[in-house]
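As structure tokens, the structure follows; a few thoughts come after it.
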Amino acid sequence: MSTQEEEKLGKVYDATLVRRLMPFILAYKKQATLALLMILLASAFQIITPKLTQIGIDDYIQHNDLAGLRIIIAVFIGVLVLGFFTRLAEMYTMEWIGQHIMFDLRQKIFGHLQHLSLTFFNRNPVGRLMTRVTNDVEALNELFTSGMVAIFGDILTLIGILSIMFYMNWKLTLATMLVLPLLFIITIIFKIKVREAFRAIRTRIARINSYLQENISGMMVVQLFNRERKNFIEFDKLNRDHLDAYLKTIFYFAVFYPAVDIIGALSTGLIIWYGGIKILAGQLSFGELVAFIQYAIMFYRPISDLSEKFNILQSAMAASERIFSILDQKQEEGHAESEMETSPHLRGEIEFSDVWFAYKDDNWVLKDVSFVIEPGEKIAIVGATGAGKSTIINLLGRFYTIQRGKILLDGQNIDSYGLQHLRRNIGIVLQDVFMFAGTVADNIRLGNSQISDEKIRQAAKDVNALGFIEKLPCGFDERLIERGATLSVGQRQLLAFARALAFDPAILILDEATSNIDTETEILIQAALQRLTENRTSIIIAHRLSTIQHVDRIIAMHHGEVREIGTHEQLLAKNGLYSRLYRLQFSAEQSANTPIETPVI
Amino acid sequence: MLESSRKAQLYSIIPYLKKYKKSILLGFVFILLTNAIGIFEPYVLKQAIDALQGEITSKRLFLFGLAILGVVIAEGFFLYLTRQTLIVMSRFIEYDLRNDFLQHLQKMSQRFFHKFSTGDLMARATNDLNAVRSLVGPGIMYSSNTIILFIGATTMMLLLSPALTMYALIPFPIMVLVVYKLMGKVHDIFKEAQEQFSKITTHAQENISGIRVVKAYVQEEREKRYFDQLNQGYIEINLRLVKIRGILWASMSFFSGTGVLLILWIGGSKVAAGEITLGVLVAFFALLGRMTWPMIALGWVINLTQQGIASMGRINEIRYAQPDIATAAEADLNITSILGEIEFRNVSFQYQGQPVLQDINLKIPCGKTLAIVGPVGSGKSTLINLIPRLLDATGGSVLIDGRPIRDIPLDVLRRHIGYTPQETFLFSETIRSNIAFGMGDASANQYEEAAQISQIHDEIAALPQTYETLLGERGINLSGGQKQRIAISRAVIRKPSILLLDDALSSVDTYTEEEILSRLRQLMKDRTSVIVSHRISTIREADEIIVLHDGKIVERGDHQHLLKIDGIYADLFRKQQLELELETL
Ligand SMILES: Nc1ncnc2c1ncn2[C@@H]1O[C@H](COP(=O)(O)OP(=O)(O)OP(=O)(O)O)[C@@H](O)[C@H]1O
Ligand SMILES: Nc1ncnc2c1ncn2[C@@H]1O[C@H](COP(=O)(O)OP(=O)(O)OP(=O)(O)O)[C@@H](O)[C@H]1O
Ligand SMILES: [Mg+2]
Ligand SMILES: [Mg+2]
């Protein structure tokens, strides 16, 4: 995220955040009402005790009435027991709500993430997004459980205390509360300072997590290139920044905490002085004085304890800013299922017409690309690395939106298809193979329960993966780890290939799907592919020209432009880009055939 | 039994604390002073109340008020210092722990990373670390505060009225008992919760990393459902924890209320009987009032402690994992460089009992090239990984320059190897720092030369920010072949004694491949290289070619020799030829 965005985040006010969090709370109206009731009761029971003490002192102890005192004691016991249960109920309902809200939020963010565009994911490191889904939500949880609720309870308690104090003696109450404005000012200053620091913390922890996550994923490279020390120093710097941000908040808290205590003591001092004078004047009883002192303590306790909760609250607010900034990201369009469901299977006619595309600004990656692929046709795309082959695939699956031109599928603009429908009809073997932790079968089937075990087996057989899968201790039920790291790279590629076949798509796209696979296996796959691509539109991207020998037509690309389109023979005759590529490969093989007298080295 | 393991986890924090001995000591002193001073506030109160019952001027009353303020200001000063030492210390420990965590991970081999997923490790480095931090910070601060306050308050009570003190303290033993009972449960459930949290993190991590596949195969809904399940499990565990926390919390306020009750009752009777003054009673109330919050906090602290211990256990699982590949004890530290002769003697390798390599015998003299071909999964990468010791052979021995590989310090060995792994991994840094990754500070000449060798220089130069272009994670904003070529630059910039290319040209077109190879030959004239490839064109000029099949060398020799013996290699060669001839038809 740029600093600019960070700045903008800074303008979000608590009120806005709370307003946005409200719907999540309102989903549990009943429970929240119950919790509120419990808080009210618990606060009432708490507030009542000093009053009981006062009555005890004034009416009974001062008058030597032990029988009367016993009544007060009995009431006191009742209050305590009831207090215990209400507190328990309060805590449980509050936390229950908190947990459920957290659940909802986490679900919501995760769900939202699923539908964000790849542009978003290209910009945001995995570690940062993970921090949002996990840690930030966790921080928010505390807002609902220990924070918001408790603070709400505290505020109610404070109001209760104030009312009872006013009821007992309003003048003394006013005197006691003289210091309140001071408290306000301090709190506000504190809040501003601490929020800044917490924002810094949130950003920095996300940085640490991103760095850590990247280093864990790439640890092998780090080790191979002796980068341990250097990366550690880098990490240390991030860690140190995070620490520094925290040290600032600690300082603010260390000041705020005693400051509240001191203000509380100022009140107590005022009670003693002013209250004492009143007693001397006979306008106040001892019991009332004692009760007032107790109330003053009770009054400032939650406030100084509020500073502890502020910790939680501020951190949670900073977290929710980040969370909402994700929820505010626009999703890919076209997720509304429903439209275009009428034709379940596409014919597979593809047309690119004057397509211009850039990943960023106007760094055109595709320039005025036009071509037509007939239904059932097999097309190869060739071209040097970086020519824009994978980009064409990305556009066809609508992972990015084009800037100019049109892409048509069966004569309709692809924008008019529902995204899910569109993608369900396209089976892509991505150039970068990705395996999930889970069984081999799961990795082929993914979540599609309609794909039977039989079909999985067949797909594995078609890509010639059956051999190695059956050799695994548990066969198709063998558990793979993250990214399939316990398989060889070629084996993973075969599984990714099988995955695409198992989904039986209308359009099959192979982006370098056999680049890590030996010739022997590839030939076997070719045979199966012949059968599988019959009457199925397919696009094959490959550098090894032998891979594309059975295609109908070839598109040769160069620097984002379509240079040549035609059959193998046509292009050879053209004597252009393709024929150059072809001769090169051919002659490489040829020269290998001729005995080498002197090594070329 | 469980007790002792918990103790062990707790003790494992001590080394971290030791570093901050002074802070801790100071912190204790500050807590002591805070409480020693604070305890006088109730005393002043008592004096004031007692004085009020006699003759007193308003000026003296004012002084009492002032005294209270003075006491609290002094107390507050030390409270400030306490937080500034103890909480600050806890953040430093968090910092130390986090640094140690990464440093430890850096020592671990691939086997370890196959056992612990990235998400799991991340969860430990964030959530668990946090829990430990809370244990050493607020945990220590509040618990020592509670204890010292307890002692101080008791002393003050004893001074004021020994008889009443007894009653005031009655609730505490019961409280301790309740706490003790609940403590163990918190620990276990919390551990469960953290484990579930790890699962959530892991899933989120995988999902986000694999988002391209998720989208391509329209798996969003299923991913959500699965996440939902994990999430559900998490709140169920948490709600169990909540029950216990609720009981702890509620009973703490119950017990402190009981204290007030007893004082009112017994103390009240005593006042009525004239045994103690009203001031003493008020002082007792004030003292108990001071203890209420720390006692309630005690429940919270216990919760923290148990969580911290459980989390420390989870962090220790990582910290205590032994690096299985490291500079060996017998390593000769005098070795500072290597020439590049590689020898495999009867090498075998197995993953958990599954043999992958068997009876590998090889000798690559300095400056020569070995090529490896073989079907998918035949053990090519495994063999290559034995050279930089990403794996250690399970049988036989690997020798470099005629010495067992374990004699060479690990960092020296790796420093002289340039490796382009089969799977490209780039970092989200600039292109320049990715190429110069293993070099410390490389000059522009150096990285441009490396980029030229791998034929990527022109493409980089055409980018708006050229070498300073920032890459996304794993180099996401590059094409497949571009990534691979940067990875090759990263290896060759080191001018390594040994160059390892594991199928490193698979995403590159033939034309570019030829260009790269011819430049590499130039560079590698006097260096040893091992090349894995599926294309005969890439490897035919190697000094020796081996054909691996199911982990065994089934054919070996140079190109001509292999054609002559007319085996697998010759067949492969013919097939690659045949395809091309087919095309010419
Ligand atoms: N996500 C992205 N953001 C910015 N630029 C990108 C992104 N992906 C690719 N590019 C750039 O677009 C150009 C075309 O990339 P593309 O992946 O389409 O090439 P390709 O033809 O598939 O190459 P290869 O054969 O190497 O896979 C390249 O110059 C690449 O650097
Ligand atoms: N970490 C691991 N744990 C268990 N088995 C593994 C592990 N890594 C690889 N294997 C298995 O060891 C065998 C050899 O793998 P290796 O990666 O060496 O193959 P390869 O020859 O490089 O194949 P490819 O051409 O596909 O890259 C494979 O069957 C693979 O499944
Ligand atoms: Mg590509
Ligand atoms: Mg391999």
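Order of the sequence lines sets the chain letters (A, B, ...), proteins ahead of strands, with each chain counted from 1. Scope of the values below: all heavy atoms of this structure, side chains included, with no hydrogens, waters or symmetry mates.
Between the side chain of A:Gln223 and the backbone N or O of B:Gln106, at least one donor-acceptor pair lies under 3.5 Å. Side-chain atoms of A:Asp518 do not come within 3.5 Å of backbone N or O of B:Gly374 as any donor-acceptor pair. A donor-acceptor pair is defined here as one N or O able to donate and one able to accept, closer than 3.5 Å; no such pair exists between the side chain of A:Glu520 and the backbone of B:Leu572. Side-chain atoms of A:Glu214 come within 3.5 Å of backbone atoms of B:Ser428 as a donor-acceptor pair (strictly under, hydrogens ignored). Between the A:Gln99 side chain and the B:Leu239 main chain, no donor and acceptor come within less than 3.5 Å of each other.
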Could you go through the side-chain contact (heavy atoms from CB on, under 4.5 Å) check for B:Val260 and A:Thr49 one step at a time? CA-CA 9 Å; B:Val260 176; A:Thr49 50; 5.7 Å; no

Between A:Asn226 and B:Arg494, does a side-chain hydrogen bond (donor to acceptor under 3.5 Å, both in side chains) hold up when you go through it step by step? CA-CA 11 Å; A:Asn226 305 79; B:Arg494 302 184 111 181; 2.8 Å; yes

What's the verdict on side-chain hydrogen bond (donor to acceptor under 3.5 Å, both in side chains) for A:Asn448 and B:Gln219, showing C-alpha distance, side-chain angles and the deciding distance? CA-CA 8 Å; A:Asn448 193 342; B:Gln219 294 301 307; over 6 Å; no

Show your working on side-chain contact (heavy atoms from CB on, under 4.5 Å) between A:Ile517 and B:His534 and close with a plain yes or no. CA-CA 7 Å; A:Ile517 287 161; B:His534 291 302; 5.6 Å; no

Would you sort out whether B:Phe254 and A:Arg87 count as a side-chain contact (heavy atoms from CB on, under 4.5 Å), showing the intermediate values? CA-CA 9 Å; B:Phe254 177 77; A:Arg87 216 162 258 293; over 6 Å; no

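When heavy atoms are compared at a cutoff of 4.5 Å, A:Leu446 approaches chain B by way of both its backbone and its side chain. With a 4.5 angstrom heavy-atom cutoff, A:Leu430 touches chain B only via side-chain atoms. Residue A:Ala437 touches chain B through both its backbone and its side chain, counting heavy-atom pairs closer than 4.5 Å. Only the side chain of A:Phe399 comes within contact range of chain B, with heavy atoms under 4.5 Å apart. A:Ile271 does not touch chain B: none of its heavy atoms, backbone or side chain, sits under 4.5 Å away. In this structure, the portion of A:Gln431 lying under 4.5 Å from any heavy atom of chain B is its side chain and not its backbone. If you measure heavy-atom distances from A:Phe468 to chain B, you find no contacts under 4.5 Å at all. Residue A:Leu270: no heavy atom, backbone or side chain, is found under 4.5 Å from chain B. With a 4.5 angstrom heavy-atom cutoff, A:Thr53 touches chain B via backbone and side-chain atoms both. When heavy atoms are compared at a cutoff of 4.5 Å, A:Val81 approaches chain B by way of both its backbone and its side chain. Heavy-atom distances place the side chain of A:Leu69, and not its backbone, under 4.5 Å from chain B.
The minimum heavy-atom distance between A:Ser515 and B:Asp503, with the atom names listed, is O-OD2, 4.2 Å. Across B:Ile247 and A:Leu88, no two heavy atoms sit closer than the pair N-CD1, 3.3 Å. Here the closest heavy-atom approach between residue B:Glu473 and residue A:Ser210 is recorded as OE2-O, 4.5 Å. Of all the heavy atoms in B:Ser507 and A:Thr385, the pair that sits closest is O-CG2, 3.8 Å. Across every non-hydrogen atom of A:Val133 and B:Ala204, the tightest pair is CG1-CB, 4.5 Å. The two atoms that bring B:Phe437 and A:Val222 nearest to each other are CE2-CA, 4.0 Å, heavy atoms only.
Of the listed residues (A:Pro125, A:Gly490, A:Gly111, A:Ala254), the greatest number of heavy-atom pairs within a distance under 4.5 Å of chain B belongs to A:Ala254. Note: B:Leu105 leads B:Leu105, B:Val44, B:Val271 in heavy-atom pairs under 4.5 Å with chain A. Heavy-atom pairs under 4.5 Å with chain B peak, among A:Thr521, A:Asn363, A:Leu487, A:Ile426, at A:Asn363. Ranked by heavy-atom pairs under 4.5 Å with chain A, the first of B:Val72, B:Asn231, B:Ile68 is B:Asn231. Ranked by heavy-atom pairs shorter than 4.5 Å toward chain A, the options B:Gln482, B:Glu94, B:Arg485, B:Glu459 are led by B:Arg485. The candidate from B:Ile211, B:Ile476, B:Thr382 with the greatest count of non-hydrogen atom pairs under 4.5 Å with chain A is B:Ile211. Ranked by heavy-atom pairs shorter than 4.5 Å toward chain A, the options B:Gly472, B:Ser251, B:Ser381, B:Gly119 are led by B:Ser251. No other option in A:His100, A:Gln491, A:Glu512, A:Met219 has as many heavy-atom pairs under 4.5 Å with chain B as A:Met219. The residue among B:Glu41, B:Arg490, B:Gln232 with the most heavy atom pairs within less than 4.5 Å of chain A is B:Arg490.
Here the side chains of A:Tyr246 and B:Val88 are not in contact, with every heavy-atom distance at 4.5 Å or above. Counting heavy atoms from C-beta outward, B:Ser209 and A:Arg483 have side chains that approach closer than 4.5 Å. When side chains are defined from C-beta on, A:His543 does not count as touching B:Val508, because their heavy atoms never get closer than 4.5 Å. The shortest side-chain heavy-atom distance between A:His115 and B:Lys224 falls under the 4.5 Å cut-off. At a threshold of 4.5 Å between non-hydrogen side-chain atoms, the residues A:Arg70 and B:Trp265 count as touching. Using a 4.5 Å cut-off on side-chain heavy atoms (C-beta onward), A:Ile481 and B:Ser117 make no contact.
Using modelled atom types and a 3.5 Å distance limit, the side chains of A:Arg123 and B:Asn477 yield no donor-acceptor pair. A donor atom on one side chain and an acceptor atom on the other are not found under 3.5 Å apart for B:Asn127 and A:Glu138. Donor-acceptor pairing under 3.5 Å is recorded for the side chains of B:Arg98 and A:Asn239. Side-chain atoms of B:Asn238 and A:Glu95 include no donor-acceptor pair closer than 3.5 Å. Between B:Gln205 and A:Gln213, the side chains place a donor N or O and an acceptor N or O closer than 3.5 Å (distance only, hydrogens not considered).
Here B:Tyr80 contributes atom OH and A:Phe251 contributes atom CZ; the two are 4.5 Å apart, rounded to the nearest 0.5 Å. A:Asn209 CG to B:Thr201 OG1: the interatomic distance, rounded to the nearest 0.5 Å, is 10.0 Å. Atom CD1 of residue A:Ile216 and atom OG1 of residue B:Thr118 lie 6.0 Å apart, to the nearest 0.5 angstrom.
With A:Phe121 as the aromatic partner, B:Arg212 does not meet the cation-pi criteria of under 6.0 angstrom to the ring centre and within 45 degrees of the ring axis.
Taking A:Thr134 as the reference, nothing meets the side-chain hydrogen bond (donor to acceptor under 3.5 Å, both in side chains) condition, with sequence neighbours excluded. With sequence neighbours excluded, the residues that form a side-chain hydrogen bond (donor to acceptor under 3.5 Å, both in side chains) with A:Tyr359 are A:Thr391, A:Asn394.
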